[in-house]
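Okay, so here's the structure we're looking at.
A note on names: the letters A, B, ... follow the listed sequences, proteins ahead of strands, and every chain is numbered from 1. Because only heavy atoms are used, hydrogens play no part in the values below, and waters and symmetry mates are left out as well, while side chains stay in. Just so we're clear, the structure is a prediction, and the values are computed from it rather than from any experiment.
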Protein chains: 2
Amino acid sequence: MKNTKEIILQKSTGLFVRKGYSGTSIRDIAKEVGIRESAIYNHFSSKKEIFAELINRLTPESLPAIILTDELLDEISNPEIFIRNFARKIFEHWNSSSERSLIKIILGEQFYNNTEIDISFSSYYSGYFEMTKLIFSEMMKHKFIKKSDADVLADSFLAYLFLLRLKNPDSLENKELIRKIDEHSKLFWENVKR
Amino acid sequence: MKNTKEIILQKSTGLFVRKGYSGTSIRDIAKEVGIRESAIYNHFSSKKEIFAELINRLTPESLPAIILTDELLDEISNPEIFIRNFARKIFEHWNSSSERSLIKIILGEQFYNNTEIDISFSSYYSGYFEMTKLIFSEMMKHKFIKKSDADVLADSFLAYLFLLRLKNPDSLENKELIRKIDEHSKLFWENVKR
DNA sequence: GTCTATAAGGAGATAGAC
DNA sequence: GTCTATCTCCTTATAGAC
């Protein structure tokens, strides 16, 4: 059995995702949790604090630790396979329930002054970008792939995956989607291989 | 001198972009316009109606008419140049003031149930997708480019441009940005040419 | 077309009993 | 830790004078 604080966080995540920060009231949250509004204040001192805590929990400490699993890195000497699996892994991650929530909240709130919480797509994305850029830079150094602009390479690799994510906000696992991701990886590989 | 209705639409666009639909009140709008809240209701019957009218005005009737200018189509027989100019044109369009507003509002509101207005990234994007897919399909038919999956091609062409747009929500003209767009077009062309 | 005044309810947040 | 009760301000919207 979860304690009330956890339930508040869980329910308010759902509400913020569906209705946005401004569109969600303490009243809404209390109703979903099944307590009075005043009881919320035993656990959080303000609505903003709920939001901040929730963003904090949704944000992973280390992205590479999540994405670059041993299983994935085992294939690093086979760049074609590695690129395919890397793409699948990133999309799978973006398709996870908590990451779907985070992306929706970031895209929904990034521009607004309603919270003083600093969230922006740029800072969200930069973790993925730096990681991907590093991988391609290393691949260039080891002559696995052609020398070219690593920034553009990383962006064009990730952009397609993120677009698929945007186009399918509620998508589950889907064979056609995986086919497209693999097709993208294949085209990408044809383009960068030496 | 604009009339009040136009000023309301103009000011509320700015507010919806900055603070979102739920985060913007009739009071905010009235204040920006310089009239009382009640005076708003001489022009619109509800906040929702302002929003609907504004989305309607921001949505172009025909996308191809805006993007596929004669100047652009003159180069169609030179696919490398056409692709470069097409990419530049789309980004320039996405970077225009009214389109920046529309994109921000769509990304900010698409998931929420706060308005009954149906806006989603998917339907916004599909106009660009269909147009781009058609162009590449024609290019394949005329053997200007290699035969491959036109869906994946169109998405990967547009995805990079849209990602740049997302990464730079307030960007103005920028040489580095144009260089990246051109680099993307070049890589893309190398990949699809026969 | 804009104003003042006001309704009727929702917002975030607190005090104090249990 | 949750409740009832309440505060104060904000919300959308309307009525009616000018």
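- Scanning for side chain to side chain donor-acceptor pair (under 3.5 Å) contacts around B:K141 gives B:E138, with sequence neighbours left out.
- The interatomic distance linking B:E6 (CD) with C:dG1 (P) rounds to 12 Å, in whole Å.
- Geometric assessment of A:K47 against the ring of A:F16 yields a negative cation-pi assignment under the 6.0 Å and 45° thresholds.
- Summarising the geometry, the separation between CD1 on B:I29 and P on D:dA13 is reported as 10 Å, rounded to the nearest angstrom.
- Look at CZ on A:F44: it is 12 Å from P on D:dG1, rounded to the nearest Å.
- By the 4.0 Å N-to-carboxylate-O rule, B:R88 lies too far from B:E92 to be salt-bridged with it.
- Interatomic distance, B:Y41 OH to B:I26 CD1, rounded to the nearest 0.5 Å: 4.0 Å.
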(request) Heavy atoms under 4.0 Å is the rule here; annotate nucleotides 10-17 of chain C 5' to 3' with B where the base is hit, S where only the sugar-phosphate is, and - elsewhere. (result) SBSBBB--

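- Here the rule is salt bridge (Lys or Arg N to Asp or Glu O under 4.0 Å) with B:D149, and of A:K186, A:R179, A:K180 only A:R179 fits it.
- Not counting sequence neighbours, A:N78 has no partner by the side chain to side chain donor-acceptor pair (under 3.5 Å) test.
- Look at CD1 on B:I7: it is 12 Å from P on C:dG1, rounded to the nearest Å.
- To the nearest angstrom, P of D:dC18 lies 21 Å from CD1 of B:I35.
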